[in-house]
Amino acid sequence: MVDDARSIFVDGLRVTADHLQHLQDRLREAVMDLRRTVGLGRVAWGLRAILAEGVVRLSPGVAFAPGGVRLALDTEAALPLPEGEGAFRLVLRAFNADRAALRVAGQPTFITLVATPAIEADDGTPVGPDQLVLARLPALAEGGERSLLHDDTIFVATGHHRHTGQHVQDEF
């Protein structure tokens, strides 16, 4: 029987950067396979936005950007509505950083990824591959009240089911 590609560590082995890179590459392949299975450009769990009293509250959760990076929010975010009557969108963006203390000869060696929510003008331009639009806030009609709209098709239903359009909050 054939095994998946992997690194095998035995006593006395001099572990090289090649061994570690091979290990990391196989892990990244497996993780990307699972992300593609769940669906890129989709919310895996959480990330529900609620508009109340001029603030958009975004629950913790995980999504996968169209480009495949993990967009994770560990705690609830509260974003004030911007001024103006135009249309807005709630976007979750990925940013890279590194730990400067762990750089070798100026080369980053410890890369981090941070997801940051933002409310921006919705001018119809596409977001980049490392961002996901979670909700839209349509332009205000004269004398109207601001609303928040989710696209239910970006929310993954577990198993072999379709999303009903109903959202239920469980312990997670």
Side-chain angles (χ1 to χ4, degrees), residues 24 27-28 30-103 108-141 143-159 161-172:
Q24 183 176 8
L27 176 62
R28 290 179 69 169
V31 167
M32 194 58 174
D33 288 343
L34 291 173
R35 290 177 184 176
R36 286 184 178 123
T37 300
V38 169
L40 301 182
R42 308 277 307 273
V43 174
W45 62 271
L47 297 178
R48 287 292 294 165
I50 297 170
L51 173 61
E53 300 175 8
V55 174
V56 173
R57 295 197 179 286
L58 182 60
S59 69
V62 170
F64 303 116
V69 294
R70 180 177 185 260
L71 301 169
L73 197 60
D74 295 330
T75 59
E76 181 180 280
L79 302 139
L81 282 178
E83 296 292 325
E85 297 179 0
F88 296 98
R89 60 189 177 191
L90 172 61
V91 178
L92 193 56
R93 286 193 175 88
F95 295 97
N96 282 127
D98 76 304
R99 291 205 186 152
L102 298 176
R103 292 178 185 164
T109 63
F110 193 106
I111 308 301
T112 61
L113 187 134
V114 177
T116 304
I119 297 175
E120 63 184 28
D122 190 357
D123 58 4
T125 59
V127 295
D130 301 328
Q131 304 174 54
L132 185 62
V133 176
L134 298 175
R136 296 190 186 278
L137 298 113
L140 283 174
E145 194 171 307
R146 182 68 72 182
S147 64
L148 184 139
L149 304 173
H150 280 280
D151 175 1
D152 286 330
T153 64
I154 69 167
F155 290 86
V156 174
T158 59
H161 305 284
R162 293 182 194 208
H163 206 289
T164 65
Q166 299 295 314
H167 293 267
V168 178
Q169 181 66 50
D170 62 11
E171 67 273 17
F172 299 111

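If you read the sequence from its start, that first residue is 1, and numbering goes on from there.
- Put simply, CG on Leu71 and CG on Leu47 are 8.0 Å apart, with the number rounded to the nearest 0.5 Å.
- The main-chain N or O of Gly46 is never found under 3.5 Å from a side-chain atom of Ser59 such that the two would form a donor-acceptor pair.
- Listed here is the closest heavy atom pair of Glu145 and Leu140: C-CD2, 3.4 Å.
- Judged by the 6.0 Å and 45° rule, Arg35 forms no cation-pi pair with Phe64.
- Side-chain atoms of Asp151 do not come within 3.5 Å of backbone N or O of Ala135 as any donor-acceptor pair.
- The distance from the CZ atom of Arg146 to the CG atom of Leu51 is 8.5 Å, given to the nearest 0.5 Å.
- Rounding to the nearest 0.5 angstrom, the gap separating the CG atom in Leu148 from the CZ atom in Phe88 is 12.5 Å.
- Two residues are said to be in side-chain contact when any heavy atoms from C-beta on lie closer than 4.5 Å; Val43 and Leu132 meet this criterion.
- Of all non-hydrogen atoms in Ala65 and Leu40, the two that sit nearest each other are O-CB, 3.7 Å.
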I'd like a table of donor-acceptor pairs (distance under 3.5 Å, sequence neighbours excluded) in which one partner is a side-chain atom from residues 114-130, with atom names and distances.
residue: Glu120; atom: OE1; partner: Arg93; partner atom: NH2; Å: 2.2
residue: Glu120; atom: OE2; partner: Arg89; partner atom: NE; Å: 2.6
residue: Glu120; atom: OE2; partner: Arg89; partner atom: NH2; Å: 2.9
residue: Asp122; atom: OD1; partner: Gly124; partner atom: N; Å: 3.4
residue: Asp122; atom: OD1; partner: Arg136; partner atom: NH1; Å: 3.1
residue: Asp122; atom: OD2; partner: Arg136; partner atom: NH1; Å: 2.6
residue: Asp123; atom: OD1; partner: Thr125; partner atom: N; Å: 3.0
residue: Asp123; atom: OD1; partner: Thr125; partner atom: OG1; Å: 2.7
residue: Thr125; atom: OG1; partner: Arg89; partner atom: NH2; Å: 3.4

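- Counting heavy-atom neighbours within 6.0 Å of Arg103 CZ, excluding the residue itself, gives a total above 12.
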Item to complete: Could you give me the CA-CA distance, side-chain angles and deciding distance for His150 and Leu90, then say whether side chain to side chain contact (heavy atoms under 4.5 Å, CB included) is met?
Response: CA-CA 10 Å; His150 280 280; Leu90 172 61; 5.9 Å; no
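- Across all their heavy atoms, Arg42 and Val38 have their closest contact at NH1-O, 3.9 Å.
- In this structure, Val91 and Gln131 approach most closely via the heavy-atom pair CG1-OE1, 3.5 Å.
- The line from CG of Leu137 to CG of Leu149 is 7.5 Å long, rounded to the nearest 0.5 Å.
- A pairwise comparison of heavy atoms in Asp98 and Pro108 identifies OD2-CB, 3.4 Å as the closest pair.
- The shortest distance between side-chain heavy atoms of Leu81 and Val56 falls below 4.5 Å.
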